[in-house]
Participant: 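I am attaching a structure below and will ask some questions about it afterwards.
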Number of protein chains: 2
Amino acid sequence: MATAYEKIAGGLRARIRAGELAPGDKLPSEATLVKESGKSGPTVQRALSVLQEEGLIEKRHGIGNFVRKPRTKALRDNCRHQWEKDRARESVELRKQTGATEHDTGLEIDDLVFYASYRKTKATAELAEVFGLPEGTPLLKRTYRTRYAAETAPFNLVTSHLVHSMVEGNADLLDDANEPWPGGTQNQLHTVGIELDRIEERVTARPPTPEETEELELLPGTSVIVLRKISYDIKDRVVDVSDITLPGDRTELLFTTRLERW
Amino acid sequence: MATAYEKIAGGLRARIRAGELAPGDKLPSEATLVKESGKSGPTVQRALSVLQEEGLIEKRHGIGNFVRKPRTKALRDNCRHQWEKDRARESVELRKQTGATEHDTGLEIDDLVFYASYRKTKATAELAEVFGLPEGTPLLKRTYRTRYAAETAPFNLVTSHLVHSMVEGNADLLDDANEPWPGGTQNQLHTVGIELDRIEERVTARPPTPEETEELELLPGTSVIVLRKISYDIKDRVVDVSDITLPGDRTELLFTTRLERW
DNA sequence: GAGTGGTCTAGACCACTGT
DNA sequence: CAGTGGTCTAGACCACTCC
């Protein structure tokens with residue numbers, strides 16, 4: 001401790017936490033901080049980049065440094081799975097009205113823009129183990145991007161894997177032109193006689209890769225939530241393995257665990 | 001784009017991803033990189049600090065820079081709640097054997113070291129809203145640290161809030177000297193006639209604060225998972241609000257959602 | 001053009017690690 | 001002590017934003 005840049009960063013951090021510098025406020029210019037601290041430009045910049053990595057400030061080139069505002073978080077509720085299951089056997093008309101994402105966000109379907117792309121692949125060793133199938137088993141790999149119509153960045157990156165032999169009975173399921181599919185994956189599986197029993201979701205967090213930063217338009221000082229979702233059918237087979245990347249500053253996951261009564 | 005430090009970082013990142021530099025391997029020394037790149041020392045250092053923030057490398061002062069190894073993750077399974085509820089009415093002897101944490105990690109109770117500290121506080125505006133009670137309502141604030149006996153850093157930071165008037169009927173519940181309490185919070189609540197109906201867990205992620213980095217002994221380039229756990233009793237009252245901070249590189253949360261049959 | 005942040009250098013000096 | 005990374009400077013020059 002007590003390096004020059006840590007002192008400068010610590011002073012500013014204290015002022016931000018005390019509310020003296022409120023979210024949205026402009027920090028003193030770097031030139032000012034150089035004068036006040038008596039340290040060099042690069043040292044002041046280092047202090048500021050520490051605060052940026054902590055997610056406390058946002059640097060805007062040519063404008064100034066600002067206290068970062070908390071972003072409103074989109075909720076992703078695990079009741080979405082039961083909700084989607086309930087609708088999987090409804091009529092097309094009803095299913096067309098809204099999907100699970102709209103259910104979470106409370107938005108109309110027109111507020112969302114949706115991209116999907118399918119590809120046939122073979123199971124890697126890692127995926128084969130999760131599916132409990134031999135390496136090289138044909139899979140259908142599906143990638144999705146969903147974003148608000150009003151924004152440019154998607155709010156998640158999704159890669160889903162289905163077992164090819166389980167879904168090839170319905171040729172419509174192999175063509176990404178049919179996305180967005182009314183009723184979602186659970187309805188798609190229903191068309192080939194698959195009913196889900198449970199969904200496992202494994203959650204962890206890490207700093208974003210440069211590619212994720214790019215695609216999700218993340219600011220420096222943001223983490224990503226990484227979610228692996230595994231769907232089991234009523235015969236206890238793994239039918240879908242999805243990897244989902246979510247921006248940590250814009251996402252909140254909600255899981256409700258109901259307990260049996262005494 | 002295509003700045004000097006980005007090029008150097010990009011080259012090393014590519015070599016790491018290709019496996020040419022495997023986890024645990026030592027990177028070329030900074031002096032070597034200066035020669036190879038023809039750039040200055042600080043520029044090379046900047047490239048390396050980018051990779052550090054991404055969690056790709058680990059800097060060891062006086063030794064070298066190394067490709068970071070993935071850490072083994074402790075699993076936190078939401079079935080722990082039902083498991084804890086089932087044990088809440090068992091005998092003391094049985095409850096003493098293991099707690100929910102041991103259940104998750106598969107460890108013996110002697111492998112864990114446990115700290116707890118209680119304090120009486122008043123509800124802030126934010127907590128009051130979650131509890132659905134007036135601001136200033138007396139609460140029992142409990143902070144916990146749990147760590148492996150073999151390690152120095154705790155694997156989580158927990159702050160739990162109970163409504164004081166709900167638990168003061170049993171004086172033992174107000175004294176942190178009684179921790180670790182066999183059977184955990186659900187048994188504690190059982191002693192004052194409270195049965196839980198469900199648990200809501202809200203999960204998000206962000207970079208750690210300096211204090212969290214310190215307490216959890218996090219390396220630069222690590223995120224934290226922030227979990228707010230809200231416990232509802234069978235009368236639909238909020239009885240516990242806990243905030244839990246977990247290291248992103250050592251933790252995996254597992255949530256299983258069971259679906260109703262058609 | 002004035003103001004602000006971003007990149008980069010060349011080199012000094014300090015601190016930690018292992019022999 | 002040699003090797004390696006960490007901090008810091010003084011100043012040059014570039015890039016973006018706003019007026």
Participant: Please determine which of B/Arg250, B/Arg68, B/Arg71, B/Glu212 meets the side-chain hydrogen bond (donor to acceptor under 3.5 Å, both in side chains) test together with B/Thr222.
Facilitator: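 For B/Thr222, the side-chain hydrogen bond (donor to acceptor under 3.5 Å, both in side chains) test succeeds with only one of B/Arg250, B/Arg68, B/Arg71, B/Glu212, which is B/Arg68.
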
Participant: Taking the side chain as everything from C-beta on, heavy atoms only, tell me whether B/Arg13 gets closer than 4.5 Å to B/Leu51.
Facilitator: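 Yes, their side chains come closer than 4.5 Å.
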
Participant: Which residues in residues 209-216 of chain B have at least one heavy atom lying under 4.0 Å from any atom of DNA chain C?
Facilitator: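 Of all residues in residues 209-216 of chain B, none places a heavy atom under 4.0 Å from DNA chain C.
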
Participant: Do the side chains of A/His161 and A/Val130 get nearer than 4.5 Å, heavy atoms only?
Facilitator: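 The answer is no; the side chains never approach within 4.5 Å.
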
Participant: So, for B/Lys122 and B/Gly136, which heavy atoms are closest and what is the spacing to 0.1 Å?
Facilitator: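 In terms of heavy atoms, the two residues are closest at CG-O, 3.4 Å.
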
Participant: Cationic tip of A/Arg60 within the cone over A/Phe66's six-membered ring, i.e. under 6.0 Å and within 45° of the normal?
Facilitator: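 Ring-cation test returns yes.
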
Participant: If we only count heavy atoms from C-beta on, is the A/Pro210 to B/Glu54 side-chain gap below 4.5 Å?
Facilitator: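 Side-chain contact under 4.5 Å: yes.
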
Participant: Classify the angle between the aromatic ring planes of B/Tyr118 and B/Tyr144 as parallel (below 30°), tilted (30 to 60°) or perpendicular (above 60°).
Facilitator: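 Ring orientation of B/Tyr118 relative to B/Tyr144: perpendicular.
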
Participant: Would you mind reading off the distance between A/Ile63 atom CD1 and D/dC16 atom C1', rounded to a whole angstrom?
Facilitator: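 To the nearest whole Å, that distance equals 8 Å.
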
Participant: Show the nearest heavy-atom pair for residues B/Glu135 and B/Ala123, with the distance to one decimal.
Facilitator: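 It is CG-O, 3.6 Å.
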
Participant: At under 4.0 Å between heavy atoms, which parts of nucleotides 6-13 of chain D does protein reach? Answer with one letter per nucleotide, 5' to 3': B base, S sugar-phosphate only, - none.
Facilitator: BBBBBB--

